[in-house]
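If you're wondering where the values come from, they're calculated on a predicted model, not measured in any experiment. Proteins come first, then strands; the chains are lettered A, B, ... in the order of their sequence lines, and each starts at number 1.
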Amino acid sequence: MPAQVAWGRTPLTEALIVRGLNKTFAKPAVSDLDLTVHAGELYALLGPNGAGKTTTLRMVAGLTKPDTGEISVFGIDARQDPAGAKALIAWAPDEAMIYDRLTPLEYLEFVAGLWSVDPALARTRAEQLLAQLGLADEARRRCEGFSRGMKQKVALAGALIHDPRLLILDEPLTGLDAAAARLVKDMLQARVDAGCTVILTTHILEVAERMADRIGIIAGGRLLAEGRLDELRAKAGDGASTLEDVFLQLTAEGASA
Amino acid sequence: MSLFKPAGTLWLLAHEIRLAWRGYRAGRAGKGPGALIGLGVLFAFACLGGVLIALAVHGHEIPITPLSIIIADLACAVVLTLMLSQTLSASAEALYERGDLDLLFSSPLDPRRVLLVRALGVAANVALIFLVFVTPLLLPSILYGHPAWAGLFGVLIALALIATALGLFLAMALFALIGPRRTRTVAQVLAALVGAAFFLASQYRNLMGEAASDNLMVQIARSAGDGSLVLPPLASLPLQAMVGQPLPLLGLLGVGVGLFWLAANALGRRFSDAAAAAQGASSRRARGPAKPAGAFAAGAFKATVRKELRLIGRDATLLSQVLLRVLYLIPLALVLARSASKVEAAALAGGAGIVVFMAGQVAGSLAWITLSAEDTPDLLAVSPTSTGVLWRAKLVAALIPVAVMLAGPILALAWFQPLTGLLTAIGAGLSAFACAQINVWHQKPSKRADFRRRRGASWYATLAEFLIAGLISGATGLAVAGLTVWALLPLIVAGALLMAMRRSGDQIAKTLRMAS
């Protein structure tokens with residue numbers, strides 16, 4: 001029985017609740033961070049380089065141990081029951097987590113095995129995903145000769161093979177050409193429409209502006225602002241018409257605070 | 001000096017040396033003084049051996065006779081094949097390892113200069129390995145009455161240059177003949193065969209059976225003794241060079257430098273073309289129309305075993321190392337099979353012990369790779385599969401090739417001597433499991449590409465593997481010889497040693513966290 005969280009809003013309406021999260025390496029990377037991501041929304045986490053985005057997401061994915069704080073994934077306390085939380089999550093970093101000497105199909109077989117997906121279902125899903133991502137012809141080629149974009153697509157297929165309820169993507173569009181980026185964006189939107197929750201970080205503000213239901217802006221390990229684009233505009237005040245204006249204004253304020 | 005100018009040969013060489021030195025320093029970072037102390041002790045022992053040799057040979061000169069010439073020639077041939085095994089492998093790898101190759105070839109640098117410097121690196125590496133072994137043994141004799149024997153250093157350098165040139169020619173010939181996709185694997189396998197060539201040649205009597213004549217050295221000694229040995233021209237050149245005769249030494253060095261220069265100059269352009277063609281060429285395309293995918297493995301355990309076996313099967317370097325051990329086992333298997341049909345079980349004790357020792361060593365090497373060489377540790381960490389399941393799967397994946405490798409010798413033994421076969425199988429199983437388990441407890445995670453050599457393993461884990469495999473091997477030998485009670489003693493010591501190496505899951509997890 002997964003460990004249920006008693007704090008906060010009704011847990012199952014929230015995909016992710018983070019409270020008082022702290023992590024310090026040589027200096028504080030994440031400080032007293034609170035974050036709430038609603039189930040079924042696409043949430044964009046934005047911030048300048050070194051803001052603490054990746055560290056935050058790594059803690060949520062169970063890859064980095066927080067110093068203090070609480071993380072709940074669909075009501076499951078991720079620190080008490082990491083396996084229960086991980087069963088619902090997929091994590092895709094900017095560097096594709098794949099094996100050069102495996103073919104995409106072999107890789108997907110392995111990932112499906114890790115999440116204990118039924119083999120027949122996994123095989124069907126693998127073929128569908130590779131076809132959707134334009135990799136059907138490369139399904140039996142080893143990944144070692146693939147371009148960075150192709151490797152990213154294989155990794156994305158790996159993240160989707162177990163049909164996660166919470167998909168965490170760190171810079172998912174890095175290395176993709178325009179057509180591949182469009183393909184990935186469409187796939188992510190389709191997942192969100194089907195009820196999956198997506199959290200992504202990106203430096204391409206246009207992507208966040210167009211796709212995200214809500215946006216969080218983080219700098220120096222602290223959440224500076226969170227909300228829909230219009231809410232962020234209002235918070236940034238006069239003169240901030242685009243997300244870029246909002247982002248630059250809020251991060252500048254955050255830096256001087 | 002113009003050579004030291006930017007983009008000059010020496011400038012490029014200095015750049016390579018700096019990178020190599022920093023790579024060495026990075027590899028040493030985090031290692032305790034234990035390995036250094038161990039090396040120091042080994043070096044001291046070697047020096048002691050060298051001093052004893054110097055005392056024994058003081059006042060004696062090496063006679064230049066047909067027998068000593070043949071021995072020197074054979075020694076050179078053995079060293080040359082061992083060096084060639086390494087240079088062939090290194091030359092093929094140089095084509096595939098990108099490193100800064102793309103940067104160098106995209107610059108206006110002459111490709112011949114790039115190859116010359118890379119080849120110098122290969123030659124220096126090979127020469128250093130032999131010089132490190134020879135120097136402590138030879139230096140005391142050179143200092144104590146035989147300064148001319150320093151010629152042996154020159155011979156080793158000449159052989160390293162010749163081996164590098166031959167390695168480059170062979171690698172490029174393979175590339176031209178079989179293409180970039182297969183060259184890497186074939187070169188590694190060929191290197192293993194070349195490395196084992198002299199061992200196999202020396203075992204021809206075992207391979208061919210009783211009908212084969214006496215061994216080679218006995219025949220040579222007999223011919224030299226009765227004066228019927230006719231030496232080919234220049235056969236005495238290596239020995240004369242070793243004992244410091246200037247002209248033969250210069251001649252041998254001249255041959256080495258000449259061949260090396262020829263290879264670097266003739267192959268420079270081809271090397272850059274081949275390196276470009278090698279990039280991404282190793283991805284294998286499915287033949288014919290796409291077939292439906294085979295059944296996926298069910299569950300994390302099976303999927304991980306399957307994945308690890310695939311990765312082992314596709315690692316040319318690892319395969320060549322396993323192949324080398326298989327080659328060493330072939331004569332032993334034949335001897336065991338022949339003897340088992342004729343002799344008492346006790347006579348098979350040594351052979352059974354070797355099989356058991358080999359099982360531990362190969363299992364340890366494979367488990368080291370499957371457990372510590374992981375390209376996507378984060379993927380495993382984010383999955384809900386417990387680390388225990390993953391470690392067990394990786395352990396099993398390491399043991400399967402060992403079982404396949406040893407099935408032949410053990411079955412041959414069991415066919416004629418069932419009890420001996422059973423005892424050997426149990427010993428091999430225990431030895432393999434114990435050595436593999438040590439690698440579960442002492443993981444050192446890193447990328448697979450960093451695992452070209454085994455030097456990353458902790459020295460005490462490697463030593464423990466060696467000792468435990470040796471103890472279980474001894475116990476098996478004793479049991480086969482009928483000394484069952486005596487066999488318990490090494491088994492108990494091996495068990496105690498294994499328990500001393502044990503680490504809890506929390507301790508392993510802590511080590512892995514620190515490493516990441």
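Look at B/K307 and A/E106 and you find no salt bridge, because none of the NZ, NE, NH1 or NH2 atoms lies under 4.0 Å from a carboxylate O. In this structure, A/R58 pairs ionically with B/D378, as a charged nitrogen and a carboxylate oxygen lie closer than 4.0 Å.
Of residues 108-116 of chain A, those residues lying under 4.5 Å from chain B by any heavy-atom pair are A/L108, A/E109, A/F110, A/V111, A/G113, A/L114, A/W115. Scanning residues 384-400 of chain B against chain A with a 4.5 Å non-hydrogen threshold yields B/P384, B/T385, B/L390, sorted by number.
Within 6.0 Å of atom NZ in A/K185, more than 12 heavy atoms from other residues, nucleotides or ligands are found, so the atom counts as buried in its surroundings. A/R79 CZ: more than 12 foreign heavy atoms inside a 6.0 Å radius.
With a 4.5 Å cut-off on non-hydrogen atoms, A/L88 does not touch chain B at all. Looking at A/A155, there are no atoms closer than 4.5 Å to chain B (heavy atoms on both sides), in backbone or side chain.
The only member of B/R310, B/E374, B/R314 that meets side-chain contact (heavy atoms from CB on, under 4.5 Å) when paired with A/Y99 is B/E374.
Contact annotation: the side chain of A/I89 never approaches that of B/V382 to less than 4.5 Å [non-hydrogen atoms, C-beta and beyond].
Rounding to the nearest 0.5 Å places CG of A/L105 at 5.0 Å from CZ of B/F296. For the atom pair OG1 (B/T376) and CD (A/E95), the distance works out to 13.0 Å, reported to the nearest 0.5 Å.
Contact count versus chain A (heavy atoms, under 4.5 Å) is highest, among B/L379, B/T304, B/L311, for B/L379.
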